[in-house]
A.B. asks: 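This structure is in structure tokens; I'll ask about it shortly.
Predicted model only: the values in this text are computed from it and were never measured. The basis for the numbers below is simple: all heavy atoms, side chains too, and nothing from hydrogens, waters or symmetry mates.
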Amino acid sequence: MNERILIADDHYVVRAGTALVLESAYPALQIDFAENYGQVKEMLSTQYYDLLILDIDMPGTQYKKMISELKDIQKDLKILVFSGYDKDVAIQYIREGAEGYLNKQSSEGEIKNAVKTVIEKGYFYPSDLIGLIIQNKRDNPVEKLSSREYEIFKLLADGYGNLEISNKLNIQMSTVSTYKKRIFQKLDVSNIAELIKVYEMVH
């Protein structure tokens with residue numbers, strides 16, 4: 001992995017320790033550091049990052065608001081919330097759009113795995129969080145889908161393209177596009193990565 005990562009934390013030991021763990025596993029990673037929220041915004045404005053490891057308690061923090069603010073600066077930015085807070089707080093950040101959550105008490109192996117998973121899959125949720133995320137969704141968005149929409153939703157999540165779906169279900173490509181648009185609206189997602197996230201949460 002030769003991605004560029006920004007570690008944002010106001011404690012030197014946390015920044016250095018996290019970088020050390022990651023560099024030992026993935027020597028080609030490029031790692032930068034920020035000590036406060038102002039620095040994070042500044043650095044994102046001038047440099048592209050594949051992943052931000054974000055302490056939510058550093059000086060200048062805007063708490064949950066940070067997620068949308070930072071994604072306004074870099075819309076494809078993946079954010080891994082790095083915190084000592086419990087799972088209830090983690091879920092609030094994930095619902096704001098963070099791609100994952102890592103507890104500061106995590107082991108070396110968990111830190112390596114979380115970073116690798118977010119970069120490769122686009123998200124990382126500890127398994128014990130998944131159930132809570134679903135409970136926290138007041139309604140299961142997938143229940144809004146008709147049986148045909150659900151069928152197409154499942155195929156999209158499995159990586160099928162419009163053409164493959166139209167061949168498989170013997171329907172027009174334009175019909176698939178219409179269904180896809182409707183599914184995105186009902187699930188409140190804007191791309192396939194987010195759609196897959198919903199699929200993972202309910203399966």
A.B. asks: For Thr61 and Asp57, indicate whether the former's side chain and the latter's backbone hold a donor-acceptor pair under 3.5 Å.
C.D. replies: no
A.B. asks: Quick one: does Val81's side chain get under 4.5 Å of Ile67's, heavy atoms only?
C.D. replies: yes
A.B. asks: Distance-only, no hydrogens or angles: does the Glu164 side chain make a donor-acceptor pair with backbone N or O of Gly161 under 3.5 Å?
C.D. replies: yes
A.B. asks: Starting from Ile31 and following side-chain heavy-atom contacts under 4.5 Å between hydrophobic residues (I, L, V, M, F, W, Y), which residues can be reached?
C.D. replies: Met1, Ile5, Ile7, Val14, Val21, Leu22, Tyr26, Leu29, Phe33, Leu51, Ile53, Leu80, Phe82, Leu102, Ile111, Val115, Val118, Ile119, Phe124
A.B. asks: Got a sec, which residues hit ring-ring contact (aromatic ring centres under 6.0 Å, His included) with Tyr123, two or more places apart in sequence or on another chain?
C.D. replies: Tyr125
A.B. asks: Is it true that Lys71 and Glu99 have a side-chain N and a carboxylate O under 4.0 angstrom from each other?
C.D. replies: yes
A.B. asks: Any carboxylate oxygen within less than 4.0 angstrom of a Lys/Arg side-chain nitrogen, looking at Glu151 and Arg148?
C.D. replies: yes
A.B. asks: Quick one: list whatever passes side chain to side chain contact (heavy atoms under 4.5 Å, CB included) with Gln30, sequence neighbours left out.
C.D. replies: Arg4
A.B. asks: Any sub-3.5 Å donor-acceptor pair from Glu200's side-chain atoms to Ile196's backbone N or O?
C.D. replies: no
A.B. asks: Residues in side chain to side chain contact (heavy atoms under 4.5 Å, CB included) with Pro59, at least two apart?
C.D. replies: Asp10, Asn36
A.B. asks: State whether the number of non-hydrogen atoms from other residues, nucleotides or ligands found under 6.0 Å of Tyr48 atom OH is greater than 12.
C.D. replies: yes
A.B. asks: Check whether any side-chain N or O of Gln74 sits under 3.5 Å from a backbone N or O of Gln47 as a donor-acceptor pair, and report yes or no.
C.D. replies: yes
A.B. asks: In chain order, what residues pass the side chain to side chain contact (heavy atoms under 4.5 Å, CB included) check against Ser177, with sequence neighbours excluded?
C.D. replies: Asn162
A.B. asks: Would Arg182 and Tyr179 count as a cation-pi pair here, with the cationic atom under 6.0 angstrom from the ring centre and within 45° of the axis?
C.D. replies: yes
A.B. asks: Mind checking salt bridge (Lys or Arg N to Asp or Glu O under 4.0 Å) for Lys186 and listing every partner two or more places apart, or none if nothing turns up?
C.D. replies: Glu149
